[in-house]
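Structure first, commentary second.
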Amino acid sequence: MWGIIATWRMALEGVQETLPSLAVGGSAGDAIEQAIKAVEDFPYYKSVGYGGLPNRQGQVELDAAYMDGSRLDFGAVCGLQDIANPIGVARRLSQEPVNNVLVAQGARQYALDHGFEAKEMLTDRAQIHYHNRQVELAQEQGLAAYDGHDTVGMVALDGHDHMVAGTSTSGLFMKHPGRVGDSPMIGSGLYVDSQIGGATATGLGEDLMKGVLSYAIVQLMAAGYPPQEACEKAVYDLDRRLRAQRGQAGDLSVVAMNAKGQWGSATNIDNFSFVVASKTTPLTVYRLHPLASGQMELERASQEWLDDYVRQRMRPLEVK
Ligand code: SD4
């Protein structure tokens with residue numbers, strides 16, 4: 001069996017690129033790195049890699065993580081600036097005996113020392129978004145600075161029963177400098193064990209971390225839950241708990257795949273999209289709509305919706 005599942009429609013092209021290789025025994029690790037790099041390199045996705053939105057001081061700080069589900073190797077970078085592909089650095093760090101998680105200047109120095117490409121990651125377009133948001137914040141009360149954040153997270157299974165997970169993000173728009181979310185945190189943004197399965201999350205990192213959500217899903221799968229039920233239970237339980245204790249819950253969205261290539265997804269927001277393909281599932285983008293019961297209504301995205309998603313992200317921007 002082989003398969004790959006990823007958060008958001010933006011992962012489609014990257015995932016598609018990996019399928020010829022995965023189908024003939026290519027490695028899950030290479031698939032994750034290749035697919036996430038494709039998202040990092042696309043300048044119009046404003047929450048991952050090049051073109052990612054900056055923090056409130058106007059600097060792009062990137063978080064990424066890579067986990068190998070067989071050796072349980074884990075590497076991550078937090079607050080990395082001006083390096084083209086954070087996922088590659090996270091993967092390289094996962095192979096180190098120690099010093100697997102590096103932040104800020106130390107992460108950047110490591111990347112440069114190991115031959116990773118230096119690149120100015122703040123685009124003109126991201127600067128317009130930043131400028132416009134500052135104008136909007138000054139004009140309108142109650143506007144959330146944090147809207148528009150889509151982390152890419154993926155889990156892959158290859159034909160050698162090997163599973164890998166990865167994440168990459170610029171985090172929340174207008175975040176405090178140095179702020180780190182769930183994406184580079186083992187167990188929260190991602191977790192994978194080749195004997196069980198893997199999961200990855202997107203949404204409000206501060207809340208995703210409270211449930212250590214990816215690890216929780218893998219533990220539910222270990223206890224026998226199919227991926228779909230594991231995702232629904234983990235998201236529903238955390239959402240309910242947060243609402244009961246704190247009066248509100250941030251965005252929580254997850255995808256998971258088990259060691260047999262079965263997959264699942266859940267969310268507490270409307271219209272969370274994800275991409276999946278496996279030996280038995282043709283490449284598909286789904287849109288998810290949560291029902292009051294905690295179960296999910298799964299809708300296959302139409303070609304019109306897929307095209308519109310990219311058109312919206314590439315539309316000309318006006319300076320406010
Ligand atoms: C974070 N979880 O930094 C990330 C942001 C994200 O969809 O996933 N947005 O909190």
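Just the heavy atoms: all of them, side chains too, but no hydrogens, waters or symmetry mates, feed the values below. Numbering of ligands and ligand atoms starts at 1, following listing order.
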G203-ligand 1 polar pair, N/O distance under 3.5 Å: yes
Using a strict cut-off of less than 4.0 Å between a Lys/Arg side-chain nitrogen and an Asp/Glu carboxylate oxygen, indicate whether K175 and E206 qualify as a salt bridge. no
Can you list the ligand 1 atoms lying under 4.0 Å from a non-hydrogen atom of R179? 1 (C), 3 (O), 10 (O)
So for ligand 1, is T151 a polar contact partner (N or O within less than 3.5 Å, distance only)? yes
What do you reckon, does E206 have a nitrogen or oxygen under 3.5 Å from a nitrogen or oxygen of ligand 1? no
For ligand 1, which atoms sit closer than 4.0 Å to a heavy atom of T202? 6 (C), 7 (O), 8 (O), 9 (N)
salt_bridge(E33, K37) N-O dist < 4.0 Å: yes
N or O contact, A201 vs ligand 1, cut-off under 3.5 Å: no
Which atoms of ligand 1 have any heavy atom of S183 under 4.0 Å away? 2 (N), 4 (C)
Report yes or no: does E40 contribute a side-chain atom to a donor-acceptor pair with the main-chain N or O of I87 at less than 3.5 Å? yes
Close side-chain approach of M163 to N258, heavy-atom, < 4.5 Å: no
Give a yes or no on whether a salt bridge exists between K233 and D237, defined as a side-chain N under 4.0 angstrom from a carboxylate O. yes
Does any N or O of ligand 1 fall below 3.5 Å from an N or O anywhere on D182, backbone included? yes
Which pairs pass side chain to side chain donor-acceptor pair (under 3.5 Å) with one or both residues in residues 119-132, sequence neighbours excluded? Y130-Q134
